[in-house]
Amino acid sequence: MNSSYLIRKVLRAMLTVLMVTTFVFLILRLSGDPTVSVLGLEASPEAVEAFRAKWGLDQPVRVQYFDFIKNALHGDLGVSILEGKPALETVAARLPDTLILMIITTVLTFVVGISSGLLASLYHNSNKDRIIMLFAVAGYSMPTFVVGVLLVMFFSVTLGWLPSSGSGTWAHFILPVLTMTIVEAAIFARFTRSAMLEVLYQPYMKTALAKGLSWWQAVRRHALPNAAIPVVTIMGFWVGLIIAGAVITESIFGWPGVGRLLVYSVKHRDYNVVQVIVIFISCSMVITNLTVDILYGLLDPRVSVVKGDQ
């Protein structure tokens, strides 16, 4: 792989994180003051002034921004206004619950989505293909909150089989994971099917069959590697989708994760906690896209060679 290609991607990733962090910092400051959310409308002018001075809110936004960057470079991402402890510690306490939810969802999404897409493409225009695509289109078309509410109404309210909120037991995982998997697996099923159909009828597949390879050998050796490239592509924006899905899902099911914390912190303008979460999300997406770019270069060396010469 061309080294300049990799260096350029890493520098671009770092610049992206800085730009996202700066944008969120400015938007939060322009959206309103957390003083009212914390102290209430009946707080005295002296209490308001003391609060603003304590958290540096009486300083110009420019000064606040450079102080934030300087402290962040030393590993200090600020203190939670609501909880009075380091914002990084506040987010880290919620992170395990979100990661567990996302890991289980990711595994199921890949297994169900990719295998369903492969099956639909290999049985193109058959009843299997139509049934799989029917469910895929339905899952892709429905918003996450609609899927979540429908599952709660059916499995929790009507049947009473599963808890509708909270965490702590295996039963609490089922509905949140199922909600996210239905939506995310539908995306991979559609893309995998389309990618496979594009390569199954290429001339090199006919050549492979003419050389004596069986249909399944040709699919394994030639179709799957070539179909993997567009599927890898969607992983970059899919991370954003699964994070957004986690925020909605955690809010629906009362899941004590980072997504629910983000909604609560935005509502009460806990600036530092929101900034830590945004940095975490942007880093996750940037690292994923960087990994996709590297995989691109490995799957198709022409990508890194061409881009490295530009």
Taking all atoms of both residues into account, what is the closest heavy-atom pair of [X] and [Y], and its distance?
X: S156; Y: L162; value: OG-O, 2.8 Å
X: V152; Y: S164; value: CG1-CB, 3.9 Å
X: A186; Y: A136; value: CB-O, 3.1 Å
X: A120; Y: M133; value: CB-CE, 4.2 Å
X: L175; Y: P163; value: CD1-O, 3.6 Å
X: T144; Y: T179; value: O-CG2, 3.6 Å

For [X], look at atom [atom1] and say whether over 12 heavy atoms of other residues, nucleotides or ligands are found less than 6.0 Å away.
X: F110; atom1: CZ; value: yes
X: Q59; atom1: CD; value: yes
X: K54; atom1: NZ; value: no

Spacing of [atom1] belonging to [X] relative to [atom2] belonging to [Y], to within rounding of 0.5 Å:
X: L26; Y: Q64; atom1: CG; atom2: CD; result: 10.0 Å
X: L134; Y: N127; atom1: CG; atom2: CG; result: 11.5 Å
X: I187; Y: T192; atom1: CD1; atom2: OG1; result: 11.0 Å
X: T105; Y: I182; atom1: OG1; atom2: CD1; result: 11.0 Å
X: F68; Y: T21; atom1: CZ; atom2: OG1; result: 6.0 Å
X: F66; Y: N71; atom1: CZ; atom2: CG; result: 13.5 Å

Using modelled atom types and a 3.5 Å cut-off, is there a donor and acceptor pairing between side-chain atoms of [X] and backbone atoms of [Y]?
X: S282; Y: I279; answer: yes
X: T158; Y: M153; answer: yes
X: E184; Y: T109; answer: no
X: S115; Y: V112; answer: yes
X: D270; Y: S80; answer: no
X: R130; Y: N125; answer: yes
X: S121; Y: M196; answer: no

Quick check: do [X] and [Y] have side-chain heavy atoms less than 4.5 Å from each other?
X: S126; Y: D129; result: yes
X: K267; Y: V263; result: no
X: Y271; Y: L57; result: yes
X: L101; Y: D97; result: no
X: I277; Y: V273; result: yes
X: L151; Y: L178; result: yes
X: L15; Y: L11; result: no
X: H172; Y: F253; result: no

Is there a path of hydrophobic side-chain contacts, each under 4.5 Å between heavy atoms of I, L, V, M, F, W or Y residues, that connects [X] with [Y]?
X: I287; Y: M19; result: no
X: V146; Y: V137; result: no
X: L73; Y: V63; result: no
X: L82; Y: L77; result: yes

Can you list the steps and then say if T90 with K85 is a side-chain contact (heavy atoms from CB on, under 4.5 Å)?
-> CA-CA 7 Å; T90 302; K85 60 182 182 181; 3.6 Å; yes

Aromatic ring pairing W255/F173, orientation class (parallel under 30°, perpendicular over 60°, tilted between) =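 W255 and F173: perpendicular rings.
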
What do the steps show when you test I174 against F155 for side-chain contact (heavy atoms from CB on, under 4.5 Å), and what is the final call?
-> CA-CA 10 Å; I174 296 177; F155 289 104; over 6 Å; no

Do the numbers put R260 on top of the ring of Y264, so that NZ or CZ is under 6.0 Å from the six-membered ring centre and no more than 45° off the axis?
->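 Not satisfied by the 6.0 Å and 45° rule.
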
Decide side-chain contact (heavy atoms from CB on, under 4.5 Å) for T98 and E250; before the verdict, give the C-alpha distance in whole Å, the side-chain angles of both, and the deciding distance to 0.1 Å.
-> CA-CA 8 Å; T98 296; E250 289 182 4; 2.8 Å; yes

Please lay out, stage by stage, how F25 and I69 fare under the test side-chain contact (heavy atoms from CB on, under 4.5 Å).
-> CA-CA 10 Å; F25 184 93; I69 294 296; over 6 Å; no

